[in-house]
Trainee: 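Quick one: the structure is below, questions incoming.
Scope of the values below: all heavy atoms of this structure, side chains included, with no hydrogens, waters or symmetry mates.
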Amino acid sequence: MSDKKKIYKPKPISGFPEWLPEERLVEQRWFDHIRKTFESYGFCSIETPSVEEVDVLLAKGEVDKEIYAIERIHKEEGDDKESRLALHFDQTVPFARYTAQHFNELVFPFKRYQMQRVWRGERPQMGRQREFYQCDIDVINVDNLSIAYDAELPAIIYEALDGLDIGRVQLRISNRKILMGLLESMDIKDHVSITRIIDKIEKLETDQINQLLKDEGLSGEQVGKILKLAKIKGNADVIRNIEAENGLMSDGIDELYSVLDSLAHLPEHGVIGDLSIVRGLDYYTGTVYETQLLDVPQFTGSVCSGGRYDDLAGGFINKHLPGVGISIGFSRLFDVLRQTNPDKLGIGPKSPTDILVYVENSDDSPKANESARTLRANGFNVEVYHPVKKWEKHLKYTEKKQIPFICYPKESGFERKDMSNGLQEPVDIKEWKK
RNA sequence: GCGACUGUAGCUCAGCGGUAGAGCUCUCGGUUGUGGUCCGAGCGGUCGCGGGUUCGAACCCCGUCAGUCGCCCCA
């Protein structure tokens, strides 16, 4: 009697988003714009495998990262001796490996961009997924790398983000040497836990920050000096007037001044020196970046971050290869906008089709296909609605997919219907061009 | 990994101890002026899963899994 199909009920996997065609279309538009911006500054594209050897990903000793390892289902006893693979956690480390591995074939300073998925095994929430796209640009050079690149990258990023129509963005820039110099001058060793606390300055009350720092064993005077420095925000001149305690600090101030000064052409809200920016990742050694969406106060995280790293690739080759890079948190940006400000996303039609060609009955198919070819040659995206159905069906389909025109044959030639106003008129398809 | 909350139709949810419901979506038909409106019909659910209590469980209890939000961390 009942021969019901067995159905495995699909459910979304948390943190692994997928979009509808109309959302994907916007995503593709964003990718195109970002790619064009990067290439306009002479960056070339590379792609690295989704997986790296675990040893490569952990080369910088960041073992606490939430990395997905992969494994064959038909794994057998003894297969353990294969090197373990894992999905890459970011694109910076694979890029460093790539640069070292292809060192002899690359031209330096090596400027590349990379737009790929990365994976992190963390609990998802708004703007945080487990599988997401990042758009990275980095420059790596041999032995030394001009500080001018530290300023060029944020300029490129600003241009890329500004073109997406997502409201005002603000790049916040600091230089780790400034805070590190201060800590050094006070003979404080545990940089990592201090910087983690500084990182929360925007989130917590001053009292709480004070307490956290004191819990680390700092004196009241030390805490005061650190907080006074970390709360400095402003333009190039503000940074220039900071008093240096030692050479390291002085270097940091000079570098940050130089970077901010080179970015003076950006709108005032677009870039700011902010000494509370220190970044969690421990391989950054100089300039560090974060980016805020000024018009989305509900989301305070950074949508685009990066920094200068002195020798990330040096672990893979016996050379000194300093670099600087920034990564747009593409999926974070898209997701945050989608959830908080869907109008800004400019979700449009459900397909790229410009013209639907109407087939009245199956005898007309060859004619329809041929006219579609003509229109495609004229630059349009054209689809033929093959099922032979009533005119109303065609209209409904065209309407639902928000296709602007229907083209249909008449005794002599063709007519087109403009879906925006219902107007129908004869058309010479050879002369109808995009 | 930790904490709080939530799992019923494709989606949004009602039902809270007595035969599984609504709206939307979808399919088909009718009305209409060639898209809209309106009308009718149909498709669609082991009530997350496993156990327990009960004459009887979507509902109460225990466990488990999944999800959402927050923390940690970060794009």
Trainee: Considering only rC26(B), rG35(B), rG67(B), which nucleotide approaches the side chain of Glu399(A) most closely?
Mentor: rG35(B)
Trainee: Taking only the P atom of each, what is the distance from rA66(B) to rA14(B) in whole angstrom?
Mentor: 24 Å
Trainee: Under 4.0 angstrom, heavy atoms only, what part of the nucleic acid is Lys417(A) near: base, sugar-phosphate, or nothing?
Mentor: base
Trainee: Whether Gln125(A) contacts rG70(B) is assessed here as follows: a side-chain N or O lying under 4.0 Å from the phosphate OP1 or OP2. Is that the case?
Mentor: yes
Trainee: Go through residues 322-352 of chain A and report each residue with a non-hydrogen atom lying under 4.0 Å from RNA chain B, sorted by number.
Mentor: Gly329(A), Arg332(A)
Trainee: Rounded off to whole Å, could you give me the NZ-to-C1' distance for the Lys396(A) and rU32(B) pair?
Mentor: 11 Å
Trainee: Going through the checks in order, is the side chain to side chain contact (heavy atoms under 4.5 Å, CB included) test met by Thr300(A) and Glu202(A)?
Mentor: CA-CA 9 Å; Thr300(A) 55; Glu202(A) 294 257 309; over 6 Å; no
Trainee: Using the C1' atoms only, state how far rA4(B) lies from rG45(B), rounded to an integer number of Å.
Mentor: 30 Å
Trainee: Side-chain donor-acceptor contacts of residues 261-270 of chain A below 3.5 Å, not counting sequence neighbours, with atom names and distances?
Mentor:
residue, atom, partner, partner atom, Å
Ser262(A), OG, Ser258(A), O, 2.8
His265(A), ND1, Ser262(A), O, 3.4
His269(A), NE2, Tyr158(A), OH, 3.4

Trainee: Are the aromatic ring centres of Phe414(A) and Trp432(A) under 6.0 angstrom apart?
Mentor: no
Trainee: Select base, sugar-phosphate, or nothing to describe what Glu122(A) touches, counting heavy atoms under 4.0 Å on all strands.
Mentor: base
Trainee: Applying side chain to side chain contact (heavy atoms under 4.5 Å, CB included) to Asn381(A) and Arg376(A), what does each step give before you reach the verdict?
Mentor: CA-CA 6 Å; Asn381(A) 298 328; Arg376(A) 274 184 212 113; over 6 Å; no
Trainee: Does Gln424(A) contact rU34(B) through a side-chain donor or acceptor facing the base, at a distance under 3.5 Å?
Mentor: yes
Trainee: Taking all non-hydrogen atoms of both residues into account, name the closest pair between Ile147(A) and Arg308(A) and its distance.
Mentor: CA-NH2, 3.7 Å
Trainee: Quantified in whole Å, what is the C1' atom distance between nucleotide rU68(B) and nucleotide rG51(B)?
Mentor: 27 Å
Trainee: Whole-Å distance between rC2(B) C1' and Glu66(A) CD?
Mentor: 13 Å
Trainee: Before we go on, tell me: are the rings of Trp119(A) and Phe132(A) under 6.0 Å apart, centre to centre?
Mentor: no
Trainee: Between rU6(B) and rC61(B), how far apart are the two P atoms, rounded to whole Å?
Mentor: 12 Å
Trainee: Within a reach of under 6.0 Å around CD1 of Ile13(A), are more than 12 heavy atoms found that belong to other residues, nucleotides or ligands?
Mentor: no
Trainee: For Lys400(A) and Gly422(A), find the nucleotide of RNA chain B closest to each by heavy atoms; which residue's nucleotide sits nearer the 5' end?
Mentor: Lys400(A)
Trainee: Determine which nucleotide pairs with rG18(B), using a 3.5 Å limit on both distances of a Watson-Crick or G-U wobble pair.
Mentor: rC55(B)
Trainee: Check RNA chain B against residues 403-414 of chain A and give the residues with a non-hydrogen atom under 4.0 Å, in numerical order.
Mentor: none
Trainee: Nearest-Å distance, CZ (Phe132(A)) to P (rC74(B))?
Mentor: 12 Å
Trainee: rC16(B) and rU8(B): how far apart are their C1' atoms, nearest whole angstrom?
Mentor: 12 Å
Trainee: Exactly one of Phe330(A), Tyr113(A), Phe38(A) should register a ring pair (Phe, Tyr, Trp, His ring centres under 6.0 Å) with Phe31(A). Which one does?
Mentor: Phe330(A)
Trainee: Between the base of rA75(B) and the side chain of Arg120(A), is one N or O donor paired with an acceptor at under 3.5 angstrom?
Mentor: yes
Trainee: Just N and O in the side chain of Lys393(A): are any of them under 4.0 Å from OP1 or OP2 of rC28(B)?
Mentor: yes
Trainee: Any chance you could lay out the side chain to side chain contact (heavy atoms under 4.5 Å, CB included) test for Phe43(A) and Ile156(A), step after step, and finish with the verdict?
Mentor: CA-CA 11 Å; Phe43(A) 284 73; Ile156(A) 298 169; 3.5 Å; yes
Trainee: Under a 3.5 Å limit for both distances, which nucleotide forms a Watson-Crick or G-U wobble pair with rA66(B), could you say?
Mentor: rU6(B)
Trainee: How far apart are the C-alpha atoms of Leu260(A) and Asn235(A), what are their side-chain angles, what is the distance that settles it, and do they pass the side chain to side chain contact (heavy atoms under 4.5 Å, CB included) test?
Mentor: CA-CA 7 Å; Leu260(A) 290 172; Asn235(A) 60 17; over 6 Å; no
Trainee: Just wondering, are more than 12 heavy atoms of other shown residues or ligands nearer than 6.0 Å to CD in Glu205(A)?
Mentor: no
Trainee: Expressed as a whole number of angstroms, how long is the span from Trp391(A):CH2 to rU32(B):P?
Mentor: 20 Å
Trainee: Quick one: Leu395(A) CG to rG36(B) C1', roughly how many Å, whole number?
Mentor: 12 Å
Trainee: Just to confirm, is there a sub-4.0 Å distance from OP1 or OP2 of rU68(B) to any side-chain nitrogen or oxygen of Ser14(A)?
Mentor: yes
Trainee: Which one is paired to rG45(B), where only Watson-Crick or G-U wobble pairs with both distances under 3.5 angstrom count?
Mentor: none
Trainee: Can you name the one residue among Trp391(A), Phe405(A), Tyr397(A) that meets ring pair (Phe, Tyr, Trp, His ring centres under 6.0 Å) with Tyr358(A)?
Mentor: Trp391(A)
Trainee: Determine the Euclidean distance between corresponding P atoms of rC43(B) and rU27(B); express it in Å to zero decimal places.
Mentor: 16 Å
Trainee: Please measure how far the P atom in rA22(B) lies from the corresponding atom in rU64(B), and state the result in whole Å.
Mentor: 36 Å
Trainee: Round to a whole Å and report the spacing from OH of Tyr397(A) to C1' of rG35(B).
Mentor: 15 Å
Trainee: Looking at the base of rC73(B), is there any donor atom on it, or on the side chain of Arg128(A), that sits under 3.5 Å from an acceptor on the other one?
Mentor: yes
Trainee: Tell me the partner of rG1(B), counting only Watson-Crick (N1-N3 plus N6-O4 or O6-N4) or G-U wobble (N1-O2 and O6-N3) with both under 3.5 Å; none if nothing fits.
Mentor: rC71(B)
Trainee: Out of rC74(B), rG29(B), rG1(B), which nucleotide sits closest to the side chain of Arg123(A)?
Mentor: rG1(B)
Trainee: Could you check Gly15(A) against Gln134(A) and say which one's nearest nucleotide on RNA chain B is further toward the 5' end?
Mentor: Gly15(A)
Trainee: Rounded to the nearest angstrom, tell me the gap between atom CZ in Arg130(A) and atom C1' in rC72(B).
Mentor: 15 Å
Trainee: Is Gly301(A) touching bases, backbone alone, or none of the nucleic acid, heavy atoms closer than 4.0 Å?
Mentor: nothing
Trainee: Report the distance from atom CG of Asp90(A) to atom C1' of rC73(B), rounded to the nearest whole Å.
Mentor: 14 Å
Trainee: How far does the P atom of rC59(B) sit from the matching atom of rC24(B), given to the nearest Å?
Mentor: 29 Å
Trainee: With a non-hydrogen cut-off below 4.0 angstrom, is Lys200(A) in contact with a base, only sugar-phosphate, or nothing?
Mentor: sugar-phosphate
